[in-house]
Amino acid sequence: MIDLIGECTDKEREYVELVKKAEELIAKIPQENFRQVLTLRYIARNSWKTVRDKMEYKDEKSVFSCNRYALRELQKLL
């Protein structure tokens, strides 16, 4: 049981570090809407419909386009 607890905390620490790195990279993107779509989708793990609603886009196609451009900007930072 103790081994399982240790394993969980190690995985949790790895996950927290990964999220921190992702947030730091996303924060470097100058466009607010790009930062928002990446955060809502990949950090907060919202559905595309929820992202669309929170960002007040008229359809999911618009969210997909924003996401595509945001990922391109993120790729430039890597």
Side-chain angles (χ1 to χ4, degrees):
M1 188 70 155
I2 292 174
D3 289 339
L4 283 174
I5 292 171
E7 190 175 308
C8 286
T9 55
D10 288 344
K11 291 196 182 292
E12 288 170 351
R13 274 190 230 110
E14 288 175 25
Y15 179 74
V16 168
E17 287 301 314
L18 183 63
V19 170
K20 282 182 185 179
K21 288 177 184 178
E23 288 174 330
E24 289 170 3
L25 280 172
I26 290 170
K28 293 178 181 179
I29 297 173
Q31 298 89 345
E32 172 62 30
N33 60 328
F34 291 176
R35 290 193 308 268
Q36 186 177 8
V37 74
L38 293 173
T39 300
L40 288 172
R41 180 64 182 159
Y42 301 107
I43 302 297
R45 301 184 56 127
N46 287 291
S47 69
W48 288 114
K49 182 184 180 305
T50 302
V51 174
R52 179 199 69 199
D53 294 345
K54 287 184 177 185
M55 294 185 70
E56 299 180 351
Y57 281 109
K58 67 178 184 170
D59 56 30
E60 286 184 12
K61 184 178 177 184
S62 300
V63 176
F64 297 151
S65 293
C66 180
N67 182 68
R68 183 175 61 250
Y69 291 121
L71 289 173
R72 286 180 186 163
E73 287 300 311
L74 190 61
Q75 183 66 38
K76 291 177 186 177
L77 298 173
L78 298 176

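These numbers were taken from a predicted model, which means no experiment stands behind them. FYI, the numbering just counts along the sequence from 1.
To the nearest 0.5 angstrom, E32 atom CD is 8.5 Å from T39 atom OG1.
V37 belongs to a hydrophobic cluster with Y15, V19, L25, I26, I29, F34, L38, L40, Y42, I43, W48, V51, M55, Y57, V63, F64, Y69, L71, L74, L77, L78, counting contacts under 4.5 Å between side-chain heavy atoms of Ile, Leu, Val, Met, Phe, Trp and Tyr, direct or through other members.
For the pair D53/K49, a side-chain contact is recorded, criterion being any heavy-atom separation below 4.5 Å from C-beta on.
With sequence neighbours excluded, no residue satisfies salt bridge (charged side-chain N to carboxylate O under 4.0 Å, His left out) with K58. R52 is linked by a side-chain hydrogen bond (donor to acceptor under 3.5 Å, both in side chains) to nothing, counting only residues two or more places apart in sequence or in another chain. Partners of K61 by salt bridge (charged side-chain N to carboxylate O under 4.0 Å, His left out), not counting sequence neighbours: none found.
Within the structure, salt bridge (Lys or Arg N to Asp or Glu O under 4.0 Å) contacts touching residues 36-46 (residues at least two apart or in different chains) do not occur. A side-chain hydrogen bond (donor to acceptor under 3.5 Å, both in side chains) check over residues 16-30, counting only residues at least two apart or in different chains, returns nothing.
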So E73 and K76, side chain to side chain contact (heavy atoms under 4.5 Å, CB included) or not? Walk me through it.
CA-CA 5 Å; E73 287 300 311; K76 291 177 186 177; 3.0 Å; yes
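Of the charged side-chain nitrogens involved, none lies within less than 4.0 Å of a carboxylate oxygen, so that K11 and E14 do not count as a salt-bridged pair.
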